[in-house]
2 protein chains.
Amino acid sequence: MKKNRTRIPSVTINRLSIYYRYLERLSETEKGRNLKTISSQKISQITGINSTQVRKDLAYFGEFGKRGIGYPINNLVKELRKILGLDKKWKIIIVGAGNLGKALINYQGFKKRGFLVKGIFDNNSTKIGKKIDNILIYDVKDMEEFIREWNIQIGILAVPANSAQNIANKMVAGGIESILNFAPICLKLLPKIKINNVDLSIELDGLTYYLNLW
Amino acid sequence: MKKNRTRIPSVTINRLSIYYRYLERLSETEKGRNLKTISSQKISQITGINSTQVRKDLAYFGEFGKRGIGYPINNLVKELRKILGLDKKWKIIIVGAGNLGKALINYQGFKKRGFLVKGIFDNNSTKIGKKIDNILIYDVKDMEEFIREWNIQIGILAVPANSAQNIANKMVAGGIESILNFAPICLKLLPKIKINNVDLSIELDGLTYYLNLW
DNA sequence: TAGATTGTTAATCGATTAACAATC
DNA sequence: TAGATTGTTAATCGATTAACAATC
């Protein structure tokens with residue numbers, strides 16, 4: 001898992017996440033059965049990713065396979081979990097208790113990957129103090145202090161575009177280094193802050209563009 | 001807008017969507033003021049996309065600018081709307097009336113880009129017949145016929161991973177050609193079907209990978 | 001040994017960007 | 001005319017993939 005981590009394309013990380021998800025499911029269903037290894041060819045068939053690409057992606061991080069045999073499934077799952085940091089607990093907050101925020105809180109993937117949702121933040125006084133899925137909604141004014149106090153590492157931005165930059169700034173001021181942004185704007189933050197954008201508009205426009213071609 | 005549309009990278013389309021969003025907002029705030037044109041340099045500053053890239057992306061579709069001057073804002077907005085197919089009405093359905101489905105129905109971006117949400121589908125009998133945001137929830141059994149009857153063009157998949165492929169198949173059988181998929185699986189469909197995936201897990205794993213590096 | 005499959009090199013492909021002539 | 005900025009060519013950069021020696 002160590003090896004030379006310089007210059008690993010971020011698309012490789014995205015693909016590792018796909019391999020991980022598939023192999024995890026596979027190792028569940030294969031528990032007790034005798035499928036112990038898997039080839040890059042087989043991974044390719046399921047994920048639709050070229051088998052050379054699969055081998056290359058994995059080779060960035062170590063020699064996990066055996067020539068002539070393939071990759072030992074359980075070990076590969078374990079290694080991928082380590083590489084992706086999914087063997088640790090991560091503390092997160094969600095900002096924005098609207099429909100999207102609610103949907104996110106109920107999202108099972110957080111628990112699955114050991115994410116602890118420590119709090120929800122909103123500026124709507126009718127929501128503050130209430131709970132969603134047993135997690136308290138706090139005043140967004142108290143967010144920065146909360147982040148510092150609880151050592152929150154990941155912030156999820158589910159607020160409207162016009163307040164997103166402002167809240168992102170406060171997240172960073174509090175010490176957050178990773179942001180998942182659902183607001184449709186380009187956040188301007190220090191380069192060391194990792195930002196991942198989920199942008200519905202872009203995806204929708206992508207669909208209509210292609211529909212419109214015909 | 002015509003020109004040679006062969007081999008336009010899909011990342012270009014994504015960027016056009018970003019330009020469009022920014023310029024649309026700009027043309028709103030500049031209404032009545034006298035900023036009539038904008039340079040690729042200025043677009044670059046706001047969007048973070050290299051100015052040569054901006055010019056190249058636009059040049060795929062026509063010569064919208066004037067040398068020495070820049071691009072006329074209002075015209076460019078109009079052209080982008082045409083290119084992205086946002087000058088038409090598109091009929092869509094949402095499958096899955098869970099939290100995510102609800103969040104999507106309330107999403108303002110649909111109305112903004114002329115999307116008509118014609119129906120919601122679910123298999124939970126306690127939900128069928130009810131309404132969300134004034135849109136009726138139907139039995140997923142009736143989906144295929146509904147798509148055919150209403151000429152639905154876009155399907156949004158907000159269901160669990162294990163039923164996603166099955167429902168996607170039925171969407172295609174009904175005549176849908178574009179799918180926005182929120183389920184964390186790789187849908188296997190005919191190549192002519194345009195699929196856009198929104199995958200939370202991949203985004204989250206991307207964050208923890210980078211957090212874990214330090 | 002023969003067949004399978006990895007890990008890696010080298011070739012290919014495609015996208016980004018620098019540079020600049022054209023021109024407003 | 002001088003300055004600004006486009007549209008486009010050519011160079012660069014980076015990612016994907018074909019090919020194959022190594023080896024189980």
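First the proteins, then the strands, lettered A, B, ... as listed; each starts at 1.
Remark: B/Arg81 engages B/Tyr20 in a side-chain hydrogen bond (donor to acceptor under 3.5 Å, both in side chains) (not counting sequence neighbours).
Computed from coordinates, the A/Leu58 CG to C/dT8 P distance equals 12 Å when rounded to whole Å. Atom CD of B/Glu79 is separated from atom P of D/dG7 by 12 Å (rounded to the nearest Å). Residue B/Phe61 contributes atom CZ, which lies 15 Å from atom C1' of D/dG7 at whole-angstrom precision. At whole-Å resolution of the value, CZ in B/Arg67 and P in C/dT23 are 6 Å apart. Residue B/Asn14 contributes atom CG, which lies 12 Å from atom P of C/dA15 at whole-angstrom precision. D/dT6 atom P lies 13 Å from atom CG of B/Asp57, rounded to whole Å. In this structure, A/Glu63 atom CD and D/dC24 atom C1' are separated by 13 Å, rounded to whole Å. B/Gln41 has its CD atom 13 Å from the P atom of C/dT17, to the nearest Å.
Across every non-hydrogen atom of A/Ile132 and A/Ile120, the tightest pair is CB-CD1, 3.9 Å.
Listed by residue number, A/Asn50, A/Thr52, A/Gln53 are the residues of residues 43-53 of chain A with a heavy-atom contact under 4.0 Å to DNA chain D.
A sub-4.0 Å separation between OP1 or OP2 of D/dG7 and a side-chain N or O of B/Tyr71 is present. Side-chain nitrogen and oxygen atoms of B/Arg7 include at least one within less than 4.0 Å of the OP1 or OP2 phosphate oxygen of C/dA15.
Judged purely by atom type and a 3.5 angstrom limit, B/Lys188 uses its side chain to pair as donor or acceptor with the backbone of A/Ile46. The backbone N or O of B/Phe115 lies less than 3.5 Å from no partner atom in the side chain of B/Lys91, so there is not a single donor-acceptor pair.
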Chi angles and distances behind the side-chain hydrogen bond (donor to acceptor under 3.5 Å, both in side chains) call for A/Tyr107, B/Ser201: CA-CA 10 Å; A/Tyr107 173 61; B/Ser201 309; 3.0 Å; yes
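Mapping A/Arg55 and A/Val11 onto DNA chain D by nearest heavy atom places A/Val11 closer to the 5' end of the strand. With the nearest nucleotide of DNA chain D identified for both B/Lys56 and A/Gly68, B/Lys56 has the one nearer the 5' end.
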message: Let me check I have this right: for DNA chain D, each base becomes ., (, ), [, ] or |, based on Watson-Crick or G-U pairs with both distances under 3.5 Å. What is the full string?
response: ..||||||||||||||||||||||
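From A/Met171, atom CE reaches atom CG of A/Leu187 across 9.5 Å, with rounding to the nearest 0.5 Å.
The nucleotide whose nearest atom lies closest to any side-chain atom of A/Ser39 is, among C/dT6, D/dC24, D/dT8, C/dT6.
A salt bridge is defined here as a Lys NZ or Arg NE, NH1 or NH2 lying under 4.0 Å from an Asp or Glu carboxylate O, and A/Asp199 with B/Arg15 fails to meet this definition. In this structure, B/Asp87 does not pair ionically with B/Lys82, as no charged nitrogen and carboxylate oxygen lie closer than 4.0 Å. Ion pairing between a basic and an acidic side chain is recognised when a charged N comes within 4.0 Å of a carboxylate O; B/Lys194 and A/Asp205 show no such pairing.
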